[in-house]
Amino acid sequence: MLFAVVKTEILKLRRAPVWIAFFTLPLLASVMGTFNYLQNISILTKEWHSLWTQHTIFSSFFFLPSLIGVLSAYQWRLEHRENNWNSLMTFPVSVQTIFTGKLIVSSGLVILTQMLTGLLFIAWGKYAGLPGTAPAELPHWLLLGAFAGISIASVQLTFSMTIKSFAIPVGIALMGGIIGLAMASSGRGLFFPYSLLALGMNANGRGYLTAQDTLPFLVSCAVFTGLPVLFAVHWLKKKDVA
Amino acid sequence: MNAMKALKLEFYKARRKRYWLIAAAISAVQALWLIWGLRNMDASQLAQGYLHSLYQFAVLNSIVLPVMTGVLVSRMCDIEHKGSALRTLFTMQPSGSLFDAKFFCAGIHLAAVVGFQIATILMVGQIKGFSTPKPAGALVWYFGSQLLCSLFLALFLQILALRHINQFIPLSAGLITGFLGLMAMFFPEGVMRLVPSAYYGLLSPVHMDWNRAARTVSYYQVPFPIMDCMLLTAALVILYWFGRKQFMKREV
């Protein structure tokens, strides 16, 4: 049943311009990040690591969380329109499956975005003439970033499910990103979902996370993914949608 | 319908939508950000307090205000799409007047946001004891320049939000504009002029100088960038004329 729900969710998105935005952002981030790196090569001396920060620092705090917010809002917008809530709740599908289906689709896009970020980073690194190969930690950063992105998607899907407005959850994601930067800078990033993306992706280039922090990071991602799911399922079971 | 009546009607529609709440929440986060950034200041930093705050807010505006404007404008226009209200409205109100009213309504909210930023700077300056006199001219210039840039973005996003029922488009445009604006600040001025949200930095009364050897940052006031200001104003007028005309021609 979950597979069928995921297929349906993908079907709902097939004519939406969501895909374009998700792939435009890493592309823009990589083009502008590389240009900035090449302009400031005398200051940015850590080669691949410096290029990585230029590609990821701004998008991981401010723009990717907001973009995940837009996607989540779009996924629920369809249900908030017309009488779709009533139809949705009468389908022989459990509420867990409905929410998880949407989360899986969001997660898929997050993972694809991370893969694209990695590929663009390697390509631009080669173009910039950086010596050797990309850092060995790159898959690790991308994977942790994907876990963090899924946590943000879970939180945003919950906001978008409970708030009818399309735009307000996007505003929440933006504020989350700003607060997330402050939380990460003050060393409390593990306690705030919107900081996790930059933490996991090592967006500051100096290593927000030590090797010992990986387990707490994964626990934090699990909590910020799991709690919204539990809340959403409870809400969907109790709330009268009519 | 006269313009004032149309504007009052926009605020009446908004009475339960609480647009002001979005503006207030973003302003509060920005203010907290500034206060957090100023928590440990020595004497030399206190002497640059006003200039530091003006610069910080201008950079933050280039990231935050395009998205916030997208959220605000999208909500204003989405109420007409949701209720399929345009058809009815056009029988009672000239379409141009509706376009203007929404634009002015957004403008008032944006003016309040920039005004709140100035109030925050003055308040923080008082509490922290910034050691230089208040730069009245720079504050007025800051208000005008940041508002001008915000109005341009509001107009651009309003045109998209009214044109497309799917509000994903104006919101994504706001996001991408914000991203481009921030990144463009690291590029030469010629590139910055091509990105609307980069004008938050271009028109800012304060610029920054980073001394790499001493690892110090200093802020300084710049001459009024009259050409950039005129360029953005001309773009605003052209976009307004184009957007309004397109909206008036629209078949609903």
Side-chain angles (χ1 to χ4, degrees), chain A residues 13 15-18 20-22 24-33 35-37 39-40 42-43 54-55 57-59 61-71 73-75 77-78 80-82 164-179 181-183 185-186, chain B residues 17-19 21-23 25-30 32-33 35-37 39 60 62-79 81-82 157 161 164-188 191 195 210 212:
Chain A
L13 289 178
R15 298 241 186 270
V18 177
I20 303 166
F22 258 88
T24 305
L25 190 71
L27 192 63
L28 282 175
S30 68
V31 171
M32 300 190 88
F35 185 85
N36 193 37
Y37 169 76
Q39 291 286 306
N40 298 289
S42 59
I43 308 168
Q54 299 307 304
H55 277 212
I57 187 89
F58 296 123
S59 60
F61 275 119
F62 300 116
F63 301 103
L64 201 50
S66 300
L67 195 56
I68 294 171
V70 175
L71 170 68
Y74 189 82
Q75 284 181 287
R77 176 182 168 84
L78 299 167
H80 287 306
R81 286 176 78 90
E82 318 277 333
K164 275 190 176 180
S165 161
F166 183 71
I168 286 181
V170 182
I172 292 173
L174 174 68
M175 285 192 289
I178 301 169
I179 298 168
L181 176 55
M183 292 288 276
S185 305
S186 65
Chain B
K17 286 281 173 188
R18 300 192 190 99
Y19 302 149
L21 198 59
I22 304 162
I26 298 282
S27 299
V29 172
Q30 282 191 309
L32 287 173
W33 177 269
I35 293 164
W36 181 73
R39 63 196 183 286
L60 204 53
S62 73
I63 308 167
V64 172
L65 288 194
V67 187
M68 193 211 83
T69 307
V71 170
L72 183 72
V73 166
S74 161
R75 271 174 74 72
M76 279 181 187
C77 300
D78 199 30
I79 48 172
H81 294 308
K82 266 187 182 162
L157 296 170
H164 300 280
I165 293 173
N166 186 350
Q167 294 304 300
F168 176 82
I169 291 165
L171 284 169
S172 300
L175 256 173
I176 289 172
T177 312
F179 183 74
L180 289 175
L182 177 66
M183 295 302 282
M185 284 192 183
F186 299 98
F187 283 66
V191 178
V195 182
W210 159 247
R212 198 181 161 209

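Since the model is a prediction, treat every value here as computed from it, not as a measurement.
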Using non-hydrogen atoms and a 4.5 Å limit, figure out which bit of A/Ala29 sits close to chain B: side chain, backbone, both or neither. both

So which residue, A/Gln39, A/Arg77, A/Gln54, ends up with the most heavy-atom pairs under 4.5 Å with chain B? A/Arg77

Would you check if A/Val31 and B/Met183 make a side-chain contact, meaning some heavy-atom pair closer than 4.5 Å? no

For B/Leu180, which atoms come within 4.5 Å of any heavy atom of chain A: side chain, backbone, both, or neither? both

Do A/Met32 and B/Phe187 touch side chain to side chain, with heavy atoms closer than 4.5 Å? yes

Between OG of A/Ser185 and CH2 of B/Trp36, what distance do you get to the nearest 0.5 Å? 4.0 Å

What is the ring orientation for B/Phe179 with A/Phe63, classed by angle as parallel under 30°, tilted 30 to 60°, or perpendicular over 60°? perpendicular

Output the distance between atom CZ (B/Phe168) and atom CG (A/Leu13), rounded to the nearest 0.5 Å. 9.0 Å

Can you tell me which portion of A/Ser59 sits under 4.5 Å from chain B's heavy atoms? Options are side chain, backbone, both or neither. both

So what's closer than 4.5 Å to chain B heavy atoms on A/Phe166: side chain, backbone, both or neither? both

For each of B/Leu21, B/Ile22, B/Val64, B/Ile176, tally heavy-atom pairs with chain A at distances under 4.5 Å, and name the one with the top tally. B/Val64

Near A/Leu27 CG, under 6.0 Å, is it more than 12 heavy atoms from other residues, nucleotides or ligands? yes

Quick one: which of A/Thr24, A/Ile20, A/Ile179, A/Ile168 has the most heavy-atom pairs under 4.5 Å with chain B, could you say? A/Ile168

Proximal component of B/Leu182, with respect to chain A [non-hydrogen, under 4.5 Å]: side chain

Give the member of B/Ile26, B/Ile63, B/Leu72 that has the highest number of heavy-atom pairs under 4.5 Å with chain A. B/Ile63

Part of A/Leu174 lying under 4.5 Å from any heavy atom of chain B: side chain

Sort out for me which of A/Gly69, A/Ser42, A/Gly33 touches chain B most, counting heavy-atom pairs under 4.5 Å. A/Ser42

Out of A/Leu28, A/Leu25, A/Asn40, A/Val170, which one racks up the most heavy-atom pairs below 4.5 Å with chain B? A/Leu28

Pick from B/Leu32, B/Val29, B/Val71, B/Asp78: which one has the most heavy-atom pairs with chain A under 4.5 Å? B/Val71

Cut-off 4.5 Å, heavy atoms of chain A, and the answer for B/Pro188 is side chain

Given a strict heavy-atom distance threshold of 4.5 Å, which part of B/Ala28 is in contact with chain A: side chain, backbone, both, or neither? neither

Got a second to check how far A/Leu71's CG is from B/Leu171's CG, nearest 0.5 Å? 12.5 Å

